Asks: 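Input: one structure, supplied below.
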There are 2 protein chains.
Amino acid sequence: MDGSGSGPVRRAAVRLSDVAREAGVSAPLASRVLNGHASARAAAETKARILEVAERLGYVPNVAARSLRASRTGLIGLVVHDLSSPIYLELMRGARAEAAAHQYFLVLGDIDELLADDEAFNIFVNGRRVDGLIVQGGHQGFDQRIGDIARAVPTVVVNAPASPDETGAGSGSVTVSHVYPDEPSATRLLTEHLLDLGHTRIGLVSGPRDSMTNRLREKGIRDALEEAGLGLRPEDLVFGDWSADSGRRGLRVLAERWHDEHAGRPTALVAGNTLIGIGILGAAAEEGLRVPQDLSVAAVHDTWISEHLVPTLTTVSLPLHEVGTAAVRQLLAGSGSPRDVVLTEPRPVLHPRSSSARLQ
Amino acid sequence: MDGSGSGPVRRAAVRLSDVAREAGVSAPLASRVLNGHASARAAAETKARILEVAERLGYVPNVAARSLRASRTGLIGLVVHDLSSPIYLELMRGARAEAAAHQYFLVLGDIDELLADDEAFNIFVNGRRVDGLIVQGGHQGFDQRIGDIARAVPTVVVNAPASPDETGAGSGSVTVSHVYPDEPSATRLLTEHLLDLGHTRIGLVSGPRDSMTNRLREKGIRDALEEAGLGLRPEDLVFGDWSADSGRRGLRVLAERWHDEHAGRPTALVAGNTLIGIGILGAAAEEGLRVPQDLSVAAVHDTWISEHLVPTLTTVSLPLHEVGTAAVRQLLAGSGSPRDVVLTEPRPVLHPRSSSARLQ
DNA sequence: TCGATCGGAACAATCGATTTATCATTTGTA
DNA sequence: TACAAATGATAAATCGATTGTTCCGATCGA
């Protein structure tokens with residue numbers, strides 16, 4: 001990458017001044033015209049000439065110079081828990097689309113990697129490398145730093161409401177916006193689906209018990225059950241994290257209880273997210289539980305993989321695409337008005353598949 | 001993000017000149033010392049003082065200014081086919097680690113999104129937003145533009161050898177480096193595993209027939225079969241793309257042939273990648289084929305999901321982490337010496353799981 | 001003792017785009 | 001007719017870090 005030696009010849013950079021000279025005008029004027037600046041007072045033909053020359057020469061502005069002068073990088077950082085999770089794909093797409101509409105680019109990051117590398121964290125957050133940050137909430141250890149992060153760069157937390165963990169350490173505390181979907185409605189929809197299929201005892205395998213996300217999801221289930229005159233039994237609940245491994249362990253724990261107690265068992269489980277659902281399906285097979293004959297399973301979040309599992313997984317989809325777009329909009333709207341945005345539209349949608357069936 | 005109004009107060013930026021003034025030296029000297037520049041002739045105590053002040057004030061260099069002067073952004077673009085594919089995770093991690101070791105950051109991109117947005121493509125490639133590009137090869141339509149891309153920014157293609165599609169359109173053609181793992185050894189390993197289990201008729205569901213990646217993978221299978229005195233029958237081959245849907249369709253096509261021909265069928269299939277493997281498992285279940293009793297399946301690439309499928313999927317892992325690190329190294333080594341790097345170390349590793357079993 | 005050398009550090013130029021202030025030239029109006 | 005206002009465009013300053021050059025004083029060899 002030294003550009004020296006007998007290597008290939010790269011096209012020399014075309015500068016704004018090159019365009020200006022070729023068009024017979026000054027650089028500032030060219031700048032105004034090319035940026036469609038309101039105060040670009042120039043004769044129509046001059047404008048046309050500048051645009052034509054820029055096009056012909058293949059002029060592309062030097063981002064570094066522009067950033068320096070405008071103290072604006074044109075980049076938004078999007079930091080999620082785990083880049084490999086199919087769950088965030090729609091969020092990323094939504095955010096990318098909205099960002100692109102405002103001439104912004106997205107830089108993707110992974111919370112664990114960011115926390116593991118202090119240097120990277122510092123540069124990312126304090127180095128003015130991004131104009132704003134969209135952060136997936138609900139990560140202990142990261143939520144605690146949200147205050148510090150937000151003090152350095154405008155920040156929006158997605159997929160989680162404000163949590164007690166988010167301390168605005170010290171004075172000059174900065175509050176951040178939160179953008180998240182209507183979680184209770186989603187799990188309510190799943191629960192009602194299972195109730196419709198005749199299930200009366202329904203369990204839950206979820207992420208961290210005290211995470212705001214879990215609380216909201218659990219609430220949706222409880223509400224639906226209560227309305228049906230039923231309840232959520234403590235022994236039918238398992239918590240862990242949001243991974244497939246955790247779902248697998250969750251089912252094992254439940255199965256063990258079922259062996260011990262001889263007190264009946266739930267005939268359907270709600271999975272806190274798709275990864276947990278995948279773990280449950282895998283563990284159920286190993287435990288000799290047939291899905292859906294012996295156990296129905298329904299999970300939060302719809303991803304491409306849901307249709308390719310054996311059996312295919314019943315899910316509810318949340319408007320993550322819109323969460324992404326709304327987060328970018330909120331970020332660009334300025335930090336003056338931190339607020340919570342709950343996306344109730346579009347509504348969560350149920351995707352019934354083979355993992356849930358009528359109770360025999 | 002306007003920073004105006006009654007919004008929260010953000011920490012004012014600490015400039016190099018602030019550090020210099022506080023330390024009682026000039027900015028250039030502070031710059032040299034902080035960057036550990038060889039020609040930084042400064043008294044030991046002066047150095048210490050500068051470092052201490054920088055630390056105390058929380059100085060972080062302004063990337064825009066640095067980029068402008070040094071014409072170096074500190075960013076490397078990594079562009080893969082599909083960000084949601086678990087296959088690229090290790091590649092990303094490897095590239096990130098190596099990049100970080102050289103003070104570089106990674107900007108992730110998605111080929112389809114990049115191709116869909118001309119503006120984004122242009123800025124990404126021609127806007128000097130990144131110092132180098134690592135591109136996942138084997139994408140028709142993108143391979144054709146590699147020549148143009150490489151002419152604008154140093155580029156390394158990963159996971160695919162040079163293909164005929166890569167035309168260096170026009171004069172001043174630029175050749176790029178290719179970094180990829182030992183594909184034939186991987187599929188050979190899978191095939192030998194299946195042979196060991198007693199299978200004598202083995203099929204293949206792969207990606208695009210003429211893609212270099214498929215050719216290499218197919219070759220590994222053919223070699224292993226030939227050594228065992230067997231061959232790959234044309235009717236046991238299906239091609240498509242690298243998606244789960246394609247794997248699903250692939251199995252359907254094969255199953256149809258088996259119905260028609262009454263001429264026997266393969267008892268084991270090699271899947272061109274994990275996504276195809278997932279599709280095969282799903283479709284097999286729907287076709288009433290039990291895996292592994294009726295059909296063994298083994299796939300290229302080992303991902304977290306392999307262990308969570310039903311049944312768990314036998315795979316072979318390629319050193320994608322090392323492909324990532326090697327790609328970054330090749331990029332940073334300079335464009336003077338484009339070359340093909342075939343990573344034969346570490347060797348592909350077989351991960352036998354439940355989807356493959358001894359022929360009954 | 002004089003010039004050469006070297007350590008220690010500052011000065012000035014530079015990267016490329018944007019923004020503010022400024023200067024001409026018209027056009028419109030009292 | 002003369003002066004204000006609008007139009008069209010430029011000169012100069014700026015963003016913050018880096019790099020090449022220069023400067024000063026002290027030490028050293030001849």
Side-chain angles (χ1 to χ4, degrees), chain A residues 2-3 11-51 53-54 57-74 103 123 126-129 131, chain B residues 2-3 11-51 53-54 57-74 103 123 126-129 131:
Chain A
D2 50 5
R11 196 158 38 199
V14 177
R15 302 192 303 292
L16 179 62
S17 57
D18 296 329
V19 174
R21 182 163 15 81
E22 180 83 7
V25 296
S26 69
L29 183 59
S31 170
R32 285 191 161 94
V33 169
L34 290 174
N35 289 319
H37 214 284
S39 67
R41 297 179 311 188
E45 55 181 314
T46 308
K47 283 187 182 175
R49 185 154 31 91
I50 293 172
L51 292 171
V53 170
L57 264 50
Y59 169 68
V60 180
N62 180 315
V63 263
R66 171 179 289 186
S67 299
L68 177 57
R69 180 64 235 237
S71 50
R72 208 205 78 146
T73 64
Q103 319 272 311
I123 295 189
N126 298 315
R128 270 160 282 286
R129 217 178 230 304
D131 296 337
Chain B
D2 49 6
R11 197 159 35 202
V14 176
R15 304 193 302 289
L16 178 62
S17 58
D18 296 329
V19 174
R21 182 162 15 81
E22 179 83 6
V25 298
S26 69
L29 184 59
S31 170
R32 290 189 164 99
V33 169
L34 290 173
N35 289 320
H37 215 280
S39 68
R41 298 178 312 186
E45 54 181 313
T46 308
K47 282 186 182 176
R49 186 155 30 91
I50 293 172
L51 291 171
V53 170
L57 266 49
Y59 169 70
V60 180
N62 180 315
V63 263
R66 175 180 286 186
S67 298
L68 177 57
R69 179 64 231 235
S71 50
R72 207 205 79 143
T73 64
Q103 320 272 311
I123 294 188
N126 297 316
R128 271 160 285 285
R129 218 178 229 303
D131 296 337

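We name chains A, B, ... by the order of the sequence lines, and we start the count at 1 in each one. Source: prediction; values computed, not measured.
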Asks: Does A/N35 put a side-chain nitrogen or oxygen below 4.0 Å from OP1 or OP2 of C/dT18?
Replies: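 True: A/N35 side-chain N/O within range (under 4.0 Å) of C/dT18 OP1/OP2.
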Asks: By nearest nucleotide on DNA chain D, pick out whichever of B/P28 and B/A65 is the more 5' one.
Replies: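 The residue closer to the strand's 5' end, by nearest nucleotide, is B/A65.
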Asks: Just by distance, do the side chain of B/R49 and the backbone of B/A23 share a donor-acceptor pair under 3.5 Å?
Replies: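 Between the backbone of B/A23 and the side chain of B/R49 there is a qualifying donor-acceptor contact (under 3.5 Å).
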Asks: Judged by each residue's nearest nucleotide on DNA chain C, which is more toward the 5′ side, A/S17 or B/V25?
Replies: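 Residue closer to the 5' terminus by nearest nucleotide: B/V25.
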Asks: Tell me the interatomic distance from A/R32, atom CZ, to C/dT22, atom P, rounded to whole angstroms.
Replies: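 Taking atom P of C/dT22 as the reference, CZ of A/R32 is at 14 Å.
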Asks: Taking N and O atoms by type only, does the side chain of B/R66 place a donor or acceptor under 3.5 Å from a partner on the base of C/dG16?
Replies: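 A donor-acceptor contact between them is absent.
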Asks: For B/R15 and D/dT18, what is the distance between atoms CZ and P respectively, to the nearest whole Å?
Replies: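 So the two atoms are 14 Å apart, to the nearest Å.
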Asks: Can you identify which nucleotide, out of C/dA17, D/dT18, C/dA10, has its nearest atom closest to the B/L16 side chain?
Replies: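 The answer is D/dT18, which lies nearest to the side chain.
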Asks: Nearest to the side chain of A/R69 - D/dT10, C/dC15, C/dT18?
Replies: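 Of all the options, the side chain of A/R69 is nearest to C/dT18.
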Asks: When you get a sec, tell me which of D/dT10, C/dA10, C/dA17 is the closest nucleotide to the side chain of A/S26?
Replies: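 Selected nucleotide (nearest to the side chain): D/dT10.
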Asks: Checking B/V25 against B/V33 for the side chain to side chain contact (heavy atoms under 4.5 Å, CB included) test, could you report, in this order, the C-alpha distance in whole Å, the side-chain angles of both residues, the deciding distance, and whether it holds?
Replies: CA-CA 11 Å; B/V25 298; B/V33 169; over 6 Å; no
Asks: Under 4.0 Å between a side-chain N/O of B/T46 and OP1 or OP2 of C/dA9, yes or no?
Replies: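 Affirmative; the distance criterion is met.
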Asks: Rounding to an integer number of Å, can you tell me how far B/R72 CZ sits from D/dT18 C1'?
Replies: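 Whole-Å distance recorded here is 12 Å.
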Asks: Could you go step by step and tell me if B/L29 and B/T46 meet the side chain to side chain contact (heavy atoms under 4.5 Å, CB included) rule?
Replies: CA-CA 10 Å; B/L29 184 59; B/T46 308; 4.3 Å; yes
Asks: Write down the distance between NZ (B/K47) and P (C/dA9), rounded to a whole number of angstrom.
Replies: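 For the pair B/K47 NZ and C/dA9 P, the rounded distance is 10 Å.
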Asks: Checking all strands, does A/A70 fall into the base, sugar-phosphate, or nothing category for heavy-atom contacts under 4.0 angstrom?
Replies: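 Since no nucleic acid heavy atom lies under 4.0 Å of A/A70, the category is nothing.
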Asks: Measure from the side-chain N and O atoms of A/D131 to the backbone N and O of A/R72, and report whether any donor-acceptor pair falls under 3.5 Å.
Replies: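 Checked: no pair found.
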Asks: Using whole Å, report how far CZ of B/R21 lies from C1' of D/dA17.
Replies: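 About 15 Å, once rounded to whole Å.
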Asks: Picking from C/dA10, C/dG16, D/dA17, which would you name as closest to the side chain of B/L68?
Replies: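 That would be C/dG16.
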Asks: Which pair of heavy atoms, one from B/L34 and one from B/A54, lies closest together, and at what distance?
Replies: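 Distance-wise, the nearest heavy atoms are CD2-CB, 3.7 Å.
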Asks: Does a side-chain N or O from B/H37 land closer than 4.0 Å to OP1 or OP2 of D/dT19, or not?
Replies: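 Yes, because at least one side-chain N or O of B/H37 sits under 4.0 Å from OP1 or OP2 of D/dT19.
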Asks: Taking only N and O in the side chain of A/S31, is any of them less than 4.0 Å away from OP1 or OP2 of C/dT18?
Replies: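 For A/S31, the contact criterion (side-chain N or O under 4.0 Å from OP1 or OP2 of C/dT18) is met.
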Asks: Looking at the side chain of A/L29, which of D/dT10, C/dA9, C/dG16 is the nearest nucleotide?
Replies: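 Side chain of A/L29 sits closest to D/dT10.
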